[in-house]
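Everything on this sheet refers to the single structure shown next.
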2 protein chains.
Amino acid sequence: MVVVRAGLSAERLTLAGAELADEAGFDQVTLSALARRFDVRVASLYSHLKNSHELKTRIALFALEELADRVADAVAGRAGKDALTAFANAYRDYARAHPGRYEAARYRLDPQTAAASAGVRHAQMTRAILRGYDLAEPDQTHAVRMLGSVFHGYASLEAAGGFSHTDVASEESWAWTLDSLDAALRGRSAS
Amino acid sequence: MVVVRAGLSAERLTLAGAELADEAGFDQVTLSALARRFDVRVASLYSHLKNSHELKTRIALFALEELADRVADAVAGRAGKDALTAFANAYRDYARAHPGRYEAARYRLDPQTAAASAGVRHAQMTRAILRGYDLAEPDQTHAVRMLGSVFHGYASLEAAGGFSHTDVASEESWAWTLDSLDAALRGRSAS
DNA sequence: GCATTTACCTAAGCCCTATAGGCAAGGGCT
DNA sequence: AGCCCTTGCCTATAGGGCTTAGGTAAATGC
């Protein structure tokens with residue numbers, strides 16, 4: 001009887017979980033589904049993961065990291081509205097290309113895990129694109145929160161199909177929204 | 001043996017489900033939990049609900065209705081920035097007072113159900129507060145989407161605890177955000 | 001007062017999570 | 001090479017949630 005080991009690891013399971021999330025939704029990411037995908041018994045996964053919560057947490061951290069990388073790449077060498085647009089588009093594009101991972105990135109992490117995650121890079125990068133608008137504290141924090149709300153809210157509502165009922169293209173609303181944000185931030189500028 | 005009927009109905013189950021959602025989170029709303037709450041066997045609930053999906057849908061519709069009522073009440077007799085603020089505050093206040101119901105309101109509905117839900121009132125009311133800003137189409141649609149994104153995004157991130165790491169009060173960021181939106185919309189005004 | 005409806009029940013099956021304990025393949029050591 | 005022992009994957013088991021089938025007794029209608 002030739003028994004080949006499946007070669008599992010927390011990393012491979014995390015990646016497969018991320019793919020499964022994009023295909024079927026983050027709520028469909030279960031240890032059972034993953035075990036089926038690797039043609040392995042469910043109990044075997046517990047050698048690599050403490051429980052299903054750890055799997056979800058790992059996928060969330062992976063997604064946050066991946067998204068932060070893309071945003072960093074997009075923003076590099078840009079400033080002002082150019083940076084704002086690049087950031088926003090990278091964010092929205094990721095949410096559309098990887099809906100399951102994006103959903104995973106919103107998975108509730110405990111404070112310690114969150115503090116050690118790429119979530120802090122997101123906040124830093126948001127602050128970075130605001131440099132072009134010359135905002136003093138606490139305005140800068142307010143702006144970070146407003147931008148985060150718009151980006152997340154838009155991606156979230158768009159993913160939920162909320163913008164498909166009207167025949168106005170979501171693309172145009174997005175550009176219009178970014179223009180408005182830019183104008184609003186310029187209006188807040190200290191200078 | 002005195003057997004008293006529990007007096008269940010889809011409505012009572014929906015309300016109890018909404019309360020349970022606020023107490024423990026929408027994902028904790030299960031038929032099992034509800035059956036325990038009414039001291040009844042799980043199978044008994046199937047006389048009143050087709051399945052667990054129907055329960056969640058009913059809670060979602062209930063929350064949408066309730067939220068629409070509050071918003072309608074808040075914006076009545078107001079216009080311009082006054083209306084915008086009243087709308088936004090009613091929205092955010094509901095999300096904070098009833099986190100589980102708010103989460104339920106984002107439950108994915110099939111197109112027909114969504115079309116018959118209070119979700120359309122939300123869109124109408126959003127358009128109504130924009131009357132004070134004199135926007136022509138398609139700007140009006142763009143603005144509806146932007147406002148929806150900000151309101152939902154802010155409530156969502158705030159509920160997830162995203163604004164509790166900095167010592168700047170969320171209250172102030174909210175006011176700042178509304179001011180910025182008002183300014184942006186005034187800047188878009190056709191006149 | 002009887003028939004029908006219906007509110008709630010037991011029983012059973014399926015899926016997902018989780019733990020305990022077993023076996024054999026592979027890597028490290030002599 | 002041969003041995004040990006780590007460990008990757010297994011079976012078995014248990015508990016909880018969802019759902020359906022089919023039964024019984026309370027409530028309702030005539």
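In what follows, chains carry the letters A, B, and so on, assigned in the order in which the sequence lines appear, proteins first and then strands, with residues in each chain numbered from 1. Remember, it's a predicted structure, so these values are computed and weren't measured experimentally.
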Between [X] and [Y], does the ring centre distance come in under 6.0 Å?
| X | Y | result |
| --- | --- | --- |
| Phe38(B) | His48(B) | no |
| Tyr154(A) | Tyr91(A) | no |
| His122(B) | Phe87(B) | no |
| His98(A) | Tyr102(A) | no |

Do the side-chain N or O atoms of [X] get closer than 4.0 angstrom to the phosphate oxygens (OP1, OP2) of [N]?
| X | N | value |
| --- | --- | --- |
| Ser32(A) | dT17(C) | yes |
| His48(B) | dT6(C) | no |
| Thr30(A) | dC15(C) | no |
| Arg41(B) | dA11(C) | no |

Between [options], which one does the side chain of [X] approach most closely?
| X | options | result |
| --- | --- | --- |
| Ser47(B) | dC9(C), dA12(D), dC8(C) | dC8(C) |
| Leu8(B) | dT19(D), dA18(C), dC8(C) | dC8(C) |
| Ala43(B) | dA18(C), dA21(D), dC18(D) | dA21(D) |

Check your understanding: 5'-most contact on DNA chain C: Arg36(A) or Val42(B), nearest heavy atom basis?
Key ->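 Mapping each residue to its closest nucleotide by heavy atoms, the 5'-most match is Val42(B).
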Just the rounded figure in Å: distance from [atom2] of [N] to [atom1] of [X].
| X | N | atom1 | atom2 | result |
| --- | --- | --- | --- | --- |
| Leu34(A) | dT17(C) | CG | P | 10 Å |
| Lys56(A) | dT17(C) | NZ | C1' | 10 Å |
| Leu49(B) | dT19(D) | CG | P | 10 Å |
| Tyr46(A) | dC16(C) | OH | P | 12 Å |
| Glu54(A) | dC16(C) | CD | P | 20 Å |
| Lys50(A) | dA18(C) | NZ | P | 10 Å |

